[in-house]
Asks: 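One structure, as structure tokens, below. Some questions next.
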Amino acid sequence: MGLLKPFILFLRNFLAVILNPYNTYRRISFSGTDIRQVFYIYVFVLLYFLFASLLKAGYKNPFLLTFKFNSLFLASTSGFFLMIFLFYLGHKIYSTVNFYPGRLVVLWSYSLFPTLFWFFYTSVMYIVLPPPRTFSIFGKTYSLLYLVVSTTLLLWKLMLYYLTLRFALRLDLSRIILLTLLFTPVIFVYALLMYRLGVYKIPFI
């Protein structure tokens, strides 16, 4: 029963982040933050990692399946805490308000949903329409649909990134842009490292 209240809170915030992200992030940042709701976000993340591991490694090789799942989990966890650390440095550089780690963790955790949706969509389409794909009318239609979905989710992700910095650190647009320029080389190195290790081609951030 102790997990029922944060679950209801998670469902409400999850739908609100889709329908009205600005007001939702603003409400979360100013109201009391129940960090237990983050648990349900990571349940979905772990379910996706299990699905992706089964898709790539199969279930007939438990060792490879476990290795793939653990590598995805460790890489995503390191990426998450890397972003939290970068945000903390941004707070030390530019922000003058008090730093509340719980608020930052909750806001950034909800920003994982665009990433999760994109990875899940890509994996499902890999099953439905496996490569190689042709230049026929159906292939071009799929490519256009994939581009539209990816662009929409990217814009949603960027919006939640902005709102996280706006409400967790109380930064204005100019400072958010400056911090983004500082973050970009670090994220690029992290993405390159994950690519070289063969974890994923696009980082789960």
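Only heavy atoms go into these numbers, but all of them, side chains included; no hydrogens, no water, no symmetry mates. The residues of the chain are indexed from 1 along the displayed sequence.
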Asks: Same cluster or not: Val128 versus Leu147, using hydrophobic residues (I, L, V, M, F, W, Y) connected whenever any side-chain heavy atoms lie under 4.5 Å apart?
Replies: no

Asks: Could you check if a side-chain atom of Phe204 sits within less than 4.5 angstrom of a side-chain atom of Met194, using non-hydrogen atoms only?
Replies: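 Answer no - side chains too far apart.
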
Asks: Do other residues, nucleotides or ligands put more than 12 heavy atoms under 6.0 Å from Phe85 CZ?
Replies: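 It does not: Phe85 CZ has 12 such atoms or fewer within range.
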
Asks: When you measure from the side chain of Asn70 to the backbone N and O of Thr66, does any donor-acceptor pair fall under 3.5 Å?
Replies: yes

Asks: Just wondering, more than 12 heavy atoms not from Phe44 lying within 6.0 Å of its CZ?
Replies: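 No, the 6.0 Å shell around CZ holds no more than 12 heavy atoms from other groups.
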
Asks: Stepwise, does the side chain to side chain contact (heavy atoms under 4.5 Å, CB included) test hold for Phe14 with Val17?
Replies: CA-CA 5 Å; Phe14 167 65; Val17 165; 5.9 Å; no

Asks: State plainly whether one hydrophobic cluster holds both Ile18 and Val38, where clusters connect Ile, Leu, Val, Met, Phe, Trp and Tyr through side-chain heavy atoms under 4.5 angstrom apart.
Replies: yes

Asks: For Ser29, does its backbone N or O pair with a side-chain atom of Arg103 as donor and acceptor, under 3.5 Å?
Replies: yes

Asks: Is any side-chain heavy atom of Trp108 less than 4.5 Å from a side-chain heavy atom of Ser111?
Replies: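 Yes, at least one pair of side-chain atoms sits under 4.5 Å.
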
Asks: Are Tyr40 and Leu15 co-members of a hydrophobic cluster defined by side-chain heavy atoms under 4.5 Å apart?
Replies: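 Same hydrophobic cluster.
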
Asks: Quick one: does any side-chain atom of Thr24 pair with a main-chain N or O of Ala16 as donor and acceptor, under 3.5 Å?
Replies: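 Judged by distance alone, yes, a pair lies under 3.5 Å.
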
Asks: Search all heavy atoms of Ser150 against all heavy atoms of Trp118 and return the closest pair with its distance.
Replies: OG-NE1, 2.9 Å

Asks: In terms of ring plane angle, is the pair Tyr88 and His91 parallel, tilted or perpendicular, where the classes change at 30° and 60°?
Replies: parallel

Asks: Are any non-hydrogen side-chain atoms of Pro21 and Leu163 less than 4.5 angstrom apart?
Replies: yes

Asks: To the nearest 0.5 Å, how far apart are CG in Leu197 and CG in Leu74?
Replies: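 Reported value, rounded in 0.5 Å steps: 11.5 Å.
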
Asks: Parallel under 30°, tilted from 30 to 60°, perpendicular over 60°: which one fits the rings of Phe183 and Tyr161?
Replies: perpendicular

Asks: Same cluster for Leu144 and Tyr126 if Ile/Leu/Val/Met/Phe/Trp/Tyr side chains link at under 4.5 Å?
Replies: no

Asks: Minimum heavy-atom separation for Leu145 and Tyr121, please, with both atom names.
Replies: CG-OH, 3.8 Å

Asks: Is Val189 reachable from Tyr200 through a run of hydrophobic residues whose side-chain heavy atoms are each under 4.5 Å from the next?
Replies: no

Asks: Run through Phe67, Tyr48, Phe69, Phe73 and flag the one making a side-chain contact (heavy atoms from CB on, under 4.5 Å) with Ser53.
Replies: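 For Ser53, the side-chain contact (heavy atoms from CB on, under 4.5 Å) test succeeds with only one of Phe67, Tyr48, Phe69, Phe73, which is Phe69.
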
Asks: Rounded to the nearest 0.5 Å, how far apart are CD1 of Ile35 and OH of Tyr100?
Replies: 14.5 Å

Asks: Using the ring centroid of each side chain, check whether Phe39 and Phe7 are separated by less than 6.0 Å.
Replies: no

Asks: Please check: side-chain N/O of Tyr25 versus main-chain N/O of Leu107, any donor-acceptor pairing under 3.5 Å?
Replies: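 Answer holds: yes.
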
Asks: Which heavy-atom pair separates Ala75 from Ser78 by the least distance, and what is that distance?
Replies: O-OG, 2.7 Å

Asks: Please confirm whether the backbone N or O of Ile205 pairs with a side-chain atom of Lys157, one donor and one acceptor, at under 3.5 Å?
Replies: yes

Asks: Would you give the length of the straight line joining atom CG of Leu9 to atom CD1 of Ile28, rounded to the nearest 0.5 angstrom?
Replies: 7.5 Å

Asks: Considering non-hydrogen atoms only, spot the tightest contact between Pro6 and Asp34 and give its length.
Replies: CB-OD2, 4.1 Å

Asks: With rounding to the nearest 0.5 Å, note down the distance linking CG in Leu192 to CD1 in Ile187.
Replies: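 Interatomic distance, Leu192 CG to Ile187 CD1, rounded to 0.5 Å: 13.5 Å.
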
Asks: Below 30° counts as parallel, above 60° as perpendicular, anything between as tilted: where do the rings of Phe10 and Tyr110 land?
Replies: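 Because their plane-to-plane angle is under 30°, the rings of Phe10 and Tyr110 count as parallel.
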
Asks: What pair of heavy atoms forms the shortest contact from Gly198 to Lys68, and how long is it?
Replies: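 Result for this residue pair: O-NZ, 3.6 Å.
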
Asks: Could you tell me which non-hydrogen atom of Phe51 sits nearest to which non-hydrogen atom of Ser123, and how far apart they are?
Replies: CE2-CB, 3.5 Å

Asks: Hey, can you tell me if Tyr42 and Phe80 have their rings parallel, tilted or perpendicular (30° and 60° cut-offs)?
Replies: perpendicular

Asks: Quick one, Tyr195 and Ile202 - any side-chain contact, counting heavy atoms below 4.5 Å?
Replies: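 A side-chain contact under 4.5 Å is absent here.
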
Asks: What distance separates Leu160 CG from Leu165 CG, expressed to the nearest 0.5 Å?
Replies: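 The distance works out to 11.5 Å.
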
Asks: Going from CG on Leu89 to CD1 on Ile93, what distance comes out if it is rounded to the nearest 0.5 angstrom?
Replies: 6.0 Å

Asks: Side-chain contact test, heavy atoms from C-beta onward, threshold under 4.5 Å: evaluate it for Leu169 versus Tyr94 and give yes or no.
Replies: no

Asks: Looking at Arg166 and Asp172, would you say the former's side chain and the latter's main chain have a donor-acceptor pair under 3.5 Å?
Replies: no

